[in-house]
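Just so it is clear, the structure is predicted and the values come from calculations on it, not from any experiment. Throughout, a chain's letter reflects where its sequence line sits, starting with A, and its residues are numbered from 1. We use all heavy atoms of the structure for the numbers below, so side chains are in, but hydrogens, waters and symmetry mates are not.
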Protein chains: 2
Amino acid sequence: MADTFEFESDRAYGRIVELIFGGAVDPAKPLSERKLSERLGIGRMPVREALRKLEREGVVEVKPARGTFIRTVSADDLTEVYELRESLECLATRRAAMRGPSPALANCGARLRVMGRDPSAFTSREIDDVGTEFHDALIESAGSTPLEEMVRFMRMRFRLAFHLPRYFAHELVAEILLEHIALFEAIANRSPDTAEDLMRAHLRRGLQIRLDLDRSSPNLQKLTSRPKENIE
Amino acid sequence: MADTFEFESDRAYGRIVELIFGGAVDPAKPLSERKLSERLGIGRMPVREALRKLEREGVVEVKPARGTFIRTVSADDLTEVYELRESLECLATRRAAMRGPSPALANCGARLRVMGRDPSAFTSREIDDVGTEFHDALIESAGSTPLEEMVRFMRMRFRLAFHLPRYFAHELVAEILLEHIALFEAIANRSPDTAEDLMRAHLRRGLQIRLDLDRSSPNLQKLTSRPKENIE
DNA sequence: ACTGGACGACTGGTATACCAGTTACAAGCA
DNA sequence: TGCTTGTAACTGGTATACCAGTCGTCCAGT
């Protein structure tokens, strides 16, 4: 029962993430522990904890006596982060292909195949969700606790760089779906080299998409804006 | 002048790291914010901040109402951790070889060359110190902040896995020195492929050394213990 | 001797108050 | 007008006190 217990700081974290990525705050202006506290109706200490967590995740930068600033990412950073991602996730892919898919990955792969037969029958959201699940299951399939932990950290730490608006054009989503299916087949066939190459191409393509996106709308925060809460 | 300002929480962090990796605390027993605070003569809040930082670095695990536990790495994880290390440090090596050595790395390389001409003229410790510095400078030479941060996290989180007794037989240290020199030359020559291959071999050899060591003395933590401070 | 439950001494989580830096701005001087 | 300067309203950092969980221990009842 203690598992379901939730602390104020967790709630604060979720709310602040919504504010930042939901575009309800101006990224140029510093956040303030006290103002957030008042706005969210949560004590200052939990808010502070949440901000420290976001700081470690690279989302925010705390400057003592000056304020807490929302960080942005440069195109150079994006490229370097994706290089990092390539290094780790290709390793995971190779390992997964040598061991074969885990039950979760197999399940995911089956659903991808179904979707691949007629992508137009599914919404972008449905396809995208399975895609996310696929990436997670793949990491788990690698069967290396340290690697899994490392990837989790990377995703958290460079969250801003990985952040994408949830739904693209259906056409693009369908293409990505096909890439996932090809990847899955390579893993199921125990072809480490093929799988690794596919993953590398997949991720590089992802970087391009992300870079284009960054070029077209520098302030990425606005893209998913659902400012459902403004003042409380 | 504000740059040199140091907070209590920074001091607490340093001291706690010393305690944990210096072997002055029993890894099996939980740490306590209050006891650490009293022991270090630092307030509880800075100690708490430091522990949260260590938690995000994967060194420690906080269990509410139960305690703060030091995380360990199992011997089984060793191979996987080194695989991880290979993935990241080879990437760094490749990048460094493409960009050429940074001033710090060049300086380090020059000293390595001098030592390489007559290793017997130097102590194991001297050679080993420059070797450590070499690895650090190499990461910095890669010129990728995300990568550098990731490597730092990895070394911290799996510090126990990387942990080696400081001084081996001089003969072995001299061999490692030669590997470092070869690596440096490849980087200075801007030969990414050669450098990457050398690094891979270097790290795999390191894993073998570490595995042999683990076989001969399972409780590796004790090896560097210098419990210079116990109570304050 | 054994079991069950209450009590007390812990744990981390949070609230409040205060501290020391930083910054913006307005009043006063050149 | 333009620059200096001091003050007031911020900022995050820290101390202290108290809260609610957890868990060992010890005693009562079997």
Side-chain angles (χ1 to χ4, degrees), chain A residues 1-17 19-20 24-72 231-232, chain B residues 1-17 19-20 24-72 231-232:
Chain A
M1 62 181 72
D3 293 327
T4 60
F5 199 86
E6 208 174 56
F7 293 103
E8 290 283 291
S9 58
D10 296 324
R11 297 203 312 117
Y13 176 82
R15 301 282 298 279
I16 295 172
V17 165
L19 288 181
I20 294 177
V25 296
D26 181 356
K29 287 180 190 162
L31 300 169
S32 155
E33 292 179 355
R34 269 170 261 257
K35 285 177 183 168
L36 277 176
S37 168
E38 193 177 348
R39 179 169 179 174
L40 300 178
I42 298 175
R44 188 187 158 201
M45 293 311 290
V47 166
R48 182 181 168 80
E49 294 276 334
L51 286 175
R52 299 330 284 260
K53 192 174 173 190
L54 286 168
E55 183 185 26
R56 296 295 308 164
E57 289 174 8
V59 176
V60 123
E61 182 177 3
V62 177
K63 299 185 178 179
R66 303 187 59 182
T68 300
F69 298 80
I70 299 176
R71 292 177 69 179
T72 57
I231 293 180
E232 173 133 343
Chain B
M1 62 179 75
D3 293 326
T4 58
F5 201 86
E6 207 174 56
F7 292 104
E8 289 283 290
S9 57
D10 297 324
R11 296 202 314 116
Y13 176 82
R15 301 284 299 281
I16 295 173
V17 166
L19 287 180
I20 294 177
V25 295
D26 180 355
K29 287 180 190 161
L31 299 168
S32 155
E33 292 179 354
R34 269 169 261 256
K35 284 178 184 168
L36 278 176
S37 167
E38 192 176 350
R39 181 169 177 172
L40 300 178
I42 298 175
R44 188 188 158 199
M45 293 311 291
V47 166
R48 183 181 167 80
E49 294 275 334
L51 286 175
R52 296 331 279 252
K53 190 173 174 191
L54 286 168
E55 183 187 25
R56 304 252 1 120
E57 286 172 351
V59 175
V60 124
E61 183 177 3
V62 177
K63 299 186 178 180
R66 302 188 58 181
T68 300
F69 298 80
I70 299 174
R71 297 178 70 182
T72 58
I231 293 179
E232 173 134 344

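The existence of a salt bridge linking A:E38 and A:K35 is excluded, since no basic side-chain nitrogen approaches an acidic carboxylate oxygen closer than 4.0 Å.
With sequence neighbours excluded, the residues that form a salt bridge (charged side-chain N to carboxylate O under 4.0 Å, His left out) with A:E8 are A:R11. Remark: B:E57 pairs with B:Y13 by the side chain to side chain donor-acceptor pair (under 3.5 Å) rule, at least two apart or across chains.
Taking all atoms of both residues into account, the shortest heavy-atom contact from B:G67 to B:P30 is CA-CB, 4.2 Å.
Shown are B:R56, B:R48, B:K53; of these, the salt bridge (charged side-chain N to carboxylate O under 4.0 Å, His left out) with A:E49 is made only by B:R48.
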Subject >> Sequence-aligned protein contact record of nucleotides 5-15 of chain D, with B where the base is within under 4.0 Å of a protein heavy atom and S where only the sugar-phosphate is >> reply: ------BBBBB
